Amino acid sequence: MIIKVVIIGIIGTIVVGMLKQLKPELSILATIATGIAILVMVINELSIIHESFLKFSEKTTGSIIFPALMKVIGIGYLTEYASSICDDYGSNSLSKKVQFAGKVGILIIALPNVIAIMDAIGAILE
Amino acid sequence: MTYGIEIIFKIAGIGILTAVINNILEKSDKKEIATLATIAGLLIVLALVVNMISGLFSELKMIFNLY
């Protein structure tokens, strides 16, 4: 699996470098396409990890935290992808905005857990 | 639905073709058709990439039940 990813990455960068001279607009699309080709391959591996964690979390009390954890991983996954593409083509401000939006999204998802922890600590302290 | 290397070669092919067509049309001084050909090539690749993005998002939704 990793060999395929490496081959696609290298050939993708060669194609992007070549397209930069011929057609600069197309090089952005080629980068996005290569990124998606690699991401889709990684997602299949990630789903295997997801199932094994799911079985593990049913036994313990992780069943509340685990879906939120997977969502956070998904958001981090996507925002890193988008912001690195924006960085590649020079628009640093856009990439910062995408990262900021990702952080806000993660915070919103993690909020219930944080509140639960705070309540637990408050109960202990009393 | 895994994307192999052929997607990247397809995009490279379309890019080279549009560049060649562009040069030919410019040499035979048909500038406006050249720009149209470039835009057409760009749209084809854009449609392909949008298709890939929607595939990626459906996979993400299935695995991470993100949104």
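Given the structure is predicted, the values throughout are model-derived calculations rather than measurements. Note on naming: letters A, B, ... go to the chains in the order of the sequence lines (proteins, then strands), and numbering restarts at 1 for each one.
- Residues A:L111 and A:I117 do not share a hydrophobic cluster, clusters being chains of Ile/Leu/Val/Met/Phe/Trp/Tyr side chains in contact below 4.5 Å.
- Grouping the Ile, Leu, Val, Met, Phe, Trp and Tyr side chains by contacts below 4.5 angstrom, directly or via other members, places B:V45 with B:F9.
- Here the straight-line distance linking atom CD of B:E59 with atom OG of A:S47 works out to 8.0 Å at 0.5 Å rounding.
- Contact detail for B:A12 and A:V15: the closest heavy-atom pair is CB-CG1, 3.6 Å.
- Within a 6.0 Å sphere centred on NZ of A:K20, heavy atoms belonging to other residues, nucleotides or ligands number more than 12.
- Neither the backbone nor the side chain of A:I28 comes within less than 4.5 Å of any heavy atom of chain B.
- Under the 4.5 Å side-chain heavy-atom criterion for ILVMFWY residues, a single connected hydrophobic cluster contains both A:L26 and A:I11.
- Environment of CD1 in A:I48: crowded, with over 12 heavy atoms of neighbouring residues, nucleotides or ligands closer than 6.0 Å.
- In terms of heavy-atom pairs under 4.5 Å with chain A, the best-connected choice from B:L48, B:N23, B:I5, B:V20 is B:I5.
- Closest approach of B:G15 to A:K23, counting heavy atoms only: O-CG, 4.2 Å.
- Between B:I11 and A:L29 there is no side-chain heavy-atom pair separated by less than 4.5 Å.
- At a 4.5 Å heavy-atom cutoff, the contact between A:L19 and chain B is made by side-chain atoms alone.
- Residues B:M52 and A:I32 form no side-chain contact, since every pair of their non-hydrogen atoms from C-beta on lies 4.5 Å or further apart.
- Using a 4.5 Å cut-off between heavy atoms, B:N22 touches chain A through its side chain atoms alone.
- Summarising the geometry of B:V49 relative to A:A33, their closest heavy-atom pair is CG2-CB, 4.3 Å, with the distance given to 0.1 Å.
- For the pair A:M70/B:F64, a side-chain contact is recorded, criterion being any heavy-atom separation below 4.5 Å from C-beta on.
- The environment of OH in A:Y89 is crowded: more than 12 heavy-atom neighbours from other residues, nucleotides or ligands sit within 6.0 Å.
- A heavy-atom distance below 4.5 Å is not found between the side chains of B:Y3 and A:I8.
- Note on B:I53: it clusters hydrophobically with A:L46, by side-chain heavy-atom contacts below 4.5 Å among ILVMFWY residues.
- Atom-to-atom distance recorded for B:N51:CG and A:I36:CD1 is 10.0 Å, nearest 0.5 angstrom.
- Hydrophobic clustering (ILVMFWY, side-chain heavy atoms < 4.5 Å, transitive): A:Y77 and A:I2 are in one cluster.
- Neither the backbone nor the side chain of A:I38 comes within less than 4.5 Å of any heavy atom of chain B.
- Among B:I7, B:T18, B:I14, the residue with the largest count of heavy-atom pairs under 4.5 Å with chain A is B:T18.
- Atoms CG and CG, on A:L78 and B:L60 in that order, are 4.5 Å from each other to the nearest 0.5 Å.
- Between the CG atom in A:L22 and the CD1 atom in B:I16 there is a gap of 6.5 Å [rounded to 0.5 Å].
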